[in-house]
Amino acid sequence: MFQYKPKEIENKWQKKWDKTHIHKPVDFDNKPKYYSLVMFPYPSGDLHMGHMRVYTISDVISRHRRMSGFNVLNPMGFDAFGLPAENAAIERKIPPKEWTLKNIDHMKNQQLKRMGTSYDWDREVISCNPEYYRWTQWLFLQFYKNNLAYQKEAPVNWCPKCQTVLANEQVEDGKCWRHDDTDVERKMMRQWFLKITQYAEELINDLDKLSGWADRVKIMQKNWIGRSEGAEIVFSLDGISDVKIPVYTTRPDTLYGVTYLVLAPEHPLVLKITVPENKKKVEEYIKQAGLLTEIDRLSETKEKTGVPLGTIAINPANGKKIPVWIADYALLDYGTGAVMGVPAHDTRDYAFAKKFKLEIIQVISPDGKEQNLNDAYIEPGIMINSGEFNSINNEEGKKKIIGQAAKKGFGSAKISYRLRDWLISRQRYWGCPIPLVYCDSCDLVPVPDKDLPVLLPEKNIEFTGSGGSPLKKTAEWINVKCPKCNKDAKRETDTMDTFICSSFYYLRYADATNDKEVFDKKKVNYWLPVDQYVGGIEHAILHLLYSRFFTKALRDFGLLDFDEPFTNLLSQGMVTMFSPKENKVAKMSKSKRNVVGTTEFFDEHGADAARLFILFAAPPEQEIEWSTQGAIGQYRFLERIWRLFFNLKDAAALHLYEGFIDVRAIHELPLRNLYRIANYTIKSVSEDVSDKRYIFNTAIARMTELVNAMYKFILDKKSYTEDEINVLNFSITNLLKLLAPFAPHITEELWEHYGGKYSIHQIPWPSFDKSALITDEIELVIQMGGKKIDVLTTKKGQSQKELEKIALNQDKVKLRLEGKELVKVVVVPDKIVNIVVK
RNA sequence: GCCCUUGUGGCGGAAUGGUAGACGCAACGGACUUAAAAUCCGUUGGCCUGAACAAGACCGUGCCAGUUCGAGUCUGGCCAAGGGCACCA
């Protein structure tokens with residue numbers, strides 16, 4: 001008998017799959033298309049078991065869909081620009097390109113292929129290759145030409161460790177997303193932005209179309225975009241006629257309670273309207289506020305700060321004179337950068353007014369009477385102290401006051417979003433250059449399409465990790481002729497956020513080798529949207545929001561015809577393990593020193609076993625803890641199949657069994673039962689891998705049960721009847737097909753020994769024999785008062801009356817009925833009889 | 001503070017409102033073996049009655065209520081853990 005040697009057979013089949021290109025889809029095939037995708041990985045070097053999960057889940061889905069008759073696109077590539085490569089260059093003097101390409105080679109050939117994944121490598125894209133980033137630049141210029149890319153001077157998030165600015169989405173808790181130990185600093189800088197806010201409304205509304213996304217992800221996006229309805233109210237200033245201050249509020253109903261205004265410290269009007277004697281103090285405050293890190297500014301314990309400008313504003317509703325302040329609790333880039341202070345009905349305003357002893361006027365009250373407020377009253381109520389609006393409900397008051405503002409010209413209804421424009425400039429070398437040129441005569445000039453890509457210089461680059469981007473120091477690269485007037489000009493030295501590269505890679509896969517255009521419109525419309533996207537929950541906002549934005553913008557540029565890129569999204573949970581460093585179970589990662597490498601395990605027990613364990617440990621969305629013991633358990637399962645197969649091969653004539661067996665002809669009861677289990681397995685596994693469930697752990701459990709049942713059946717058997725051989729062959733044939741997406745190598749190997757045609761991965765997914773699932777007998781559960789009393793086997797299909805009679809005739813029931821009154825009997829046919837007594 | 005998710009044996013986890021604990025890990029027992037490993041076959045929620053590895057009772061899905069003939073599953077409240085947002089006017 002052969003021994004199960006996973007390393008050998010896995011290597012054998014991986015080579016053959018590669019050579020025969022069996023995972024290659026056909027553009028515009030007549031089979032229905034299916035686009036299966038896993039999130040663009042960063043080639044960080046060595047993969048561990050934690051990384052394997054996403055690839056395994058996606059691979060099972062891809063393989064299953066191929067067998068189910070779909071034309072499956074399952075591509076792979078690398079998000080290859082980024083900081084780690086540049087840091088490696090600084091620390092180890094290896095050029096970023098070399099480091100990156102070496103990692104990609106290792107990851108692709110030693111890890112992804114060894115896992116048994118089924119990618120079409122002919123469509124591979126690598127974002128740091130000029131063939132790719134030419135299109136990144138081209139797309140940037142489309143945004144620029146459509147007024148969706150612009151520069152502005154703004155307070156930005158600066159990570160001192162990364163030595164670059166960050167987008168809002170890349171700041172977590174005031175820290176850099178890559179360095180949870182580094183406070184983000186605030187700087188005023190002129191930077192490039194993409195106008196994602198122009199799509200805020202559509203991005204929020206179209207979430208409703210995404211029925212294939214988990215609610216939690218949609219909710220996170222919704223909160224991030226943060227739509228709010230309110231009004232813009234314009235305040236004029238006492239004695240300064242040429243300046244007006246618009247504020248945004250969600251509570252126009254509290255307009256009569258405004259006792260001061262607050263501007264953000266960076267607000268451009270501040271110095272203009274400050275009275276001379278306050279100028280010094282105000283300037284000092286602005287400077288102080290600018291120095292605060294994000295974490296200081298957000299600190300909960302932080303007391304409110306601010307200084308008065310000495311300027312007086314006039315409430316347009318009632319003419320009341322109120323002071324104007326600046327305070328850092330007003331944010332420049334939300335609303336209008338100015339707030340109307342209503343201490344009676346806003347917690348922050350209340351704290352501010354208390355600290356600086358400002359007036360507090362209650363205008364909403366639960367009972368229409370003024371109260372002694374110890375805190376802001378933020379509940380709904382009846383309007384008071386509000387002139388003509390007194391005694392009406394505040395919700396109605398909102399509309400009425402907006403109506404009056406519009407009529408009198410001091411305001412209007414307005415919708416605001418928490419979402420900010422996407423800051424895409426990065427002061428780093430290893431990224432895609434922004435293809436623009438600064439010319440003294442022509443101003444900003446886009447690099448013409450024919451000159452794309454603007455190549456990253458590779459010679460004479462010095463990586464020091466300080467003093468700004470290395471690109472700033474490469475004179476021969478910076479100095480160019482203006483494409484318009486041919487005079488001396490300079491290149492933009494900022495590179496793009498790498499999230500730009502990953503915002504369209506999934507579109508490029510549809511036509512990855514096209515060197516004439518970013519992609520052919522017909523091909524992109526054929527393959528997209530992605531039918532099943534698999535990736536980590538950490539991208540719930542970042543990558544997924546950016547990609548949705550890109551899809552919508554590209555649609556408006558006329559490049560494609562759909563609104564949403566990813567129809568179904570599966571967010572897999574992380575893989576954890578005990579970390580000796582943190583002394584607890586934590587996410588598997590090199591820095592926590594709790595990684596299990598792939599190579600050793602694959603060598604010893606095989607990728608098939610690792611795949612099975614990862615799928616078996618829990619449903620995909622849940623977290624799993626890696627257990628080498630548990631993975632060995634799955635190895636044992638595969639060995640069990642292996643031995644069963646070759647034992648039977650020696651004892652009986654094994655041959656593939658196609659089609660069904662006539663159940664009525666199987667007289668032996670255990671054999672009929674085995675046939676039933678085999679068919680039940682086909683049914684259950686098919687349901688579990690379908691997109692209605694995606695519950696792979698139960699699918700594997702069902703297959704284990706089938707193998708257990710076969711072992712039990714052949715126990716002590718020396719010879720086999722023809723019927724038995726048929727049922728066993730039926731069971732094995734279908735088991736191999738069902739297991740093929742999960743454990744692709746061992747099934748391919750056994751399929752070959754079985755005389756099956758290459759490849760098992762190209763044969764149709766099995767269907768089950770309905771007639772086999774019909775049984776003559778059922779297990780009837782007898783309950784009294786909802787508690788199980790007895791279980792008995794009886795004929796199927798009996799009437800409610802008959803079942804009730806059977807139940808009441810049971811000795812156990814009779815005994816318990818003594819001295820009790822029978823209230824009623826509930827009968828669920830073929831299932832349960834519940835006897836209710838008093 | 002607001003929003004979301006999750007609480008089931010020693011562990012990971014199963015259960016269209018209808019037999020709680022499938023399947024696996026760990027543990028224990030048996031067979032095989034000179035022996036061990038491997039393998040094959042079993043046992044394994046708690047507690048109690050019982051001479052019993054006969055039979056059986058009771059309790060049990062974070063806690064407290066409710067709906068229902070019947071609740072791990074539905075509803076409300078509480079507790080705990082995890083995640084997201086957090087001076088967004």
Side-chain angles (χ1 to χ4, degrees), chain A residues 172-174 214-224 226-228 230-231 233 247-251 254 261-262 264 297-300 302 304 327-331 333-342 345-349 351-352 416-420 537-538 540-541 573 612-613 616-619 621-634 636-637 639-640 643 647 684 695 697-708 711-712 715-716 779-792 812 823-828 830-837:
Chain A
E172 294 169 355
D173 261 341
D215 286 339
R216 61 175 170 156
V217 177
K218 289 190 276 187
I219 289 166
M220 276 192 237
Q221 290 216 356
K222 199 175 164 195
N223 291 341
W224 187 263
R227 183 183 196 273
S228 75
I233 306 283
V247 303
Y248 173 75
T249 178
T250 53
R251 296 294 304 272
T254 62
L261 291 190
V262 182
R297 220 173 54 82
L298 298 182
S299 161
E300 248 180 66
K302 182 178 169 277
K304 290 272 182 290
D328 63 2
Y329 87 89
L331 308 171
D333 49 4
Y334 183 76
T336 62
V339 180
M340 61 181 214
V342 187
H345 304 291
D346 182 284
T347 359
R348 295 149 305 185
D349 296 347
F352 190 79
S416 266
Y417 298 94
R418 211 193 70 106
L419 182 71
R420 308 295 148 88
I537 187 75
E538 66 272 18
I541 293 167
L612 280 183
F613 173 73
F616 181 70
E621 304 214 296
Q622 262 180 61
E623 188 174 283
I624 59 170
E625 190 179 340
W626 173 264
S627 150
T628 299
Q629 269 311 322
I632 291 171
Q634 294 304 314
R636 279 202 287 263
F637 168 56
E639 266 194 312
R640 233 164 117 77
R643 270 193 303 270
N647 280 338
S684 310
I695 304 186
N697 54 334
T698 51
I700 294 168
R702 295 294 89 78
M703 292 188 272
T704 310
E705 280 167 353
L706 175 59
V707 172
N708 290 349
Y711 264 88
K712 205 171 236 175
L715 188 65
D716 299 329
E779 291 206 309
L780 184 71
V781 176
I782 316 271
Q783 292 185 333
M784 285 185 85
K787 276 209 291 191
K788 183 179 71 173
I789 297 305
D790 206 358
V791 182
L792 48 102
K812 280 183 183 172
V823 179
K824 69 165 163 176
V825 181
V826 179
V827 181
V828 181
D830 292 338
K831 265 200 178 143
I832 176 174
V833 178
N834 189 10
I835 298 158
V836 187
V837 292

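To find a chain, count down the sequence lines: A is the first, B the second, and so on, and within it residues start at 1.
In this model, a side-chain donor or acceptor of Lys831(A) finds a partner on the base of U16(B) within 3.5 Å. A donor N or O paired with an acceptor N or O is not found under 3.5 Å between the base of C85(B) and the side-chain atoms of Asn223(A). On a pure distance criterion of 3.5 Å, no polar donor-acceptor pair joins the side chain of Lys712(A) and the base of C41(B). Below the 3.5 angstrom threshold, one finds no donor paired with an acceptor across the side chain of Arg251(A) and the base of A89(B).
Taking only side-chain atoms of Val836(A), from C-beta outward, the nucleotide of A86(B), C69(B), A14(B) with the closest atom is C69(B). Taking every side-chain heavy atom of Trp224(A) into account, A86(B) is the closest of C40(B), A86(B), C59(B). Out of A89(B), U19(B), G13(B), the shortest distance to the side chain of Lys788(A) is found at U19(B). For Arg640(A), the side-chain atoms get nearest to C41(B) when compared with the rest of A89(B), C41(B), G13(B). Closest to the side chain of Tyr334(A), out of U16(B), A89(B), U19(B), is A89(B). Between C59(B), A89(B), C40(B), one nucleotide has an atom nearer to the side chain of Asp346(A) than all others, and that is A89(B). Which of A86(B), C25(B), C4(B) sits closest to the side chain of Gln629(A) comes down to C25(B). Considering only side-chain atoms of Ala701(A), the nucleotide from C41(B), A22(B), G18(B) that sits closest is A22(B). Taking the side chain of Asp328(A) as heavy atoms from C-beta on, and the options C87(B), C4(B), U39(B), the nearest nucleotide is C87(B). The side chain of Lys304(A) lies closest to C87(B), out of C40(B), C87(B), A86(B).
Counting only distance, with no hydrogens or angles, the side chain of Gln783(A) and the backbone of Ile789(A) share no donor-acceptor pair below 3.5 Å. For the pair Asn834(A) (side chain) and Gly786(A) (backbone), a donor-acceptor distance under 3.5 Å is present. A donor-acceptor pair under 3.5 Å links the side-chain atoms of Asn647(A) to the main chain of Arg643(A), judged by distance alone. With hydrogens and angles disregarded, no donor-acceptor distance shorter than 3.5 Å links the side chain of Asp349(A) to the backbone of Gly341(A).
With sequence neighbours excluded, the residues satisfying side chain to side chain donor-acceptor pair (under 3.5 Å) with Thr628(A) are Trp626(A). Qualifying salt bridge (Lys or Arg N to Asp or Glu O under 4.0 Å) partners for Lys304(A), counting only residues two or more places apart in sequence or in other chains: none. Every salt bridge (Lys or Arg N to Asp or Glu O under 4.0 Å) that Glu705(A) has, sequence neighbours left out, goes to Arg702(A). The salt bridge (Lys or Arg N to Asp or Glu O under 4.0 Å) test applied to Arg636(A) returns no partner, not counting sequence neighbours. For Tyr417(A), the ring-ring contact (aromatic ring centres under 6.0 Å, His included) test picks out no residue, with sequence neighbours left out.
Side-chain N/O atoms of Arg636(A) include one lying less than 4.0 angstrom from OP1 or OP2 on A26(B). The shortest distance between the side-chain N/O atoms of Lys222(A) and the OP1/OP2 oxygens of C4(B) is not below 4.0 Å. At the phosphate of G13(B), OP1 or OP2 sits under 4.0 Å from a side-chain N or O atom of Gln622(A). Contact check, Arg418(A) against A86(B): a side-chain N or O comes under 4.0 Å of OP1 or OP2.
Nucleotides G29(B) and A36(B) are separated by 12 Å at their P atoms, to the nearest Å. Here, C63(B) and A55(B) have their P atoms 32 Å apart, quoted to the whole Å. As rounded to the nearest Å, G18(B) and G50(B) have P atoms that lie 38 Å from one another. When the C1' atom is used for both A54(B) and G10(B), the distance is 29 Å, rounded to whole Å. For the P atoms, the distance linking A71(B) with U19(B) amounts to 12 Å, nearest Å. Here, G21(B) and G46(B) have their P atoms 14 Å apart, quoted to the whole Å. Between the P atoms of A27(B) and A38(B), the separation comes to 10 Å (whole Å). With C1' as the reference atom, U43(B) and U33(B) are 23 Å apart, rounded to whole Å.
Tyr711(A) comes within 4.0 angstrom of the backbone, heavy atoms only, and of no base. Using a 4.0 Å heavy-atom criterion, one finds that Gly226(A) contacts no nucleic acid atom at all. Note on Val791(A): a base of the nucleic acid sits closer than 4.0 angstrom, heavy atoms only. Counting non-hydrogen atoms under 4.0 angstrom, Glu779(A) reaches a base of the nucleic acid. Heavy atoms of Asn834(A) sit under 4.0 angstrom from at least one base atom. When heavy atoms are screened at a 4.0 angstrom cut-off, Glu705(A) is found touching the sugar-phosphate backbone but no base atom. Counting any heavy atom pair closer than 4.0 Å across all strands shown, Asn708(A) reaches sugar-phosphate atoms only and no base atom. Using a 4.0 Å heavy-atom cutoff across all strands shown, Ala327(A) reaches no nucleic acid atom at all. Nucleic acid contact for Ser627(A): none, since no nucleic acid atom lies under 4.0 Å from a heavy atom of the residue. When heavy atoms are screened at a 4.0 angstrom cut-off, Ser228(A) is found touching the sugar-phosphate backbone but no base atom. Base contact: Arg420(A) has a heavy atom under 4.0 Å from a base atom.
Taking atom CE of Met703(A) as the reference point, atom C1' of A14(B) lies 15 Å away to the nearest angstrom. Rounded to whole Å, atom P of U68(B) lies 17 Å from atom CD of Gln783(A). Rounded to an integer number of Å, the gap from Lys787(A) NZ to G56(B) P is 16 Å. The interatomic distance linking Ile789(A) (CD1) with G18(B) (C1') rounds to 15 Å, in whole Å. Counting to the nearest Å, the C1' atom of G83(B) and the CD atom of Glu623(A) are 10 Å from each other. Whole-Å rounding puts the Arg702(A) CZ to C23(B) P distance at 8 Å.
With a glycosidic angle no further than 90° from 0, G9(B) counts as syn.
Relative to the six-membered ring of Tyr334(A), Arg418(A) misses at least one condition, a distance below 6.0 Å or an angle of at most 45° to the axis.
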(Q) Could you spell out the base pairing of RNA chain B as a dot-bracket line? Use Watson-Crick and G-U wobble contacts where both distances are under 3.5 Å, [ ] for crossing pairs, | for partners on a different strand. (A) (((((((..(((.....[....))).(((((.......))))).((.((.....)).))..(((((..]....))))))))))))....
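Atom CZ of residue Phe616(A) and atom OG1 of residue Thr698(A) lie 9.5 Å apart, to the nearest 0.5 angstrom.
When the nearest nucleotides of RNA chain B are assigned to Lys812(A) and Lys824(A) by heavy-atom distance, the more 5′-ward of the two goes with Lys812(A). Nearest-nucleotide positions on RNA chain B place Gly785(A) closer to the 5' end than the other of Tyr248(A) and Gly785(A).
Tyr248(A) approaches Gly230(A) most closely through the heavy-atom pair OH-N, 3.4 Å.
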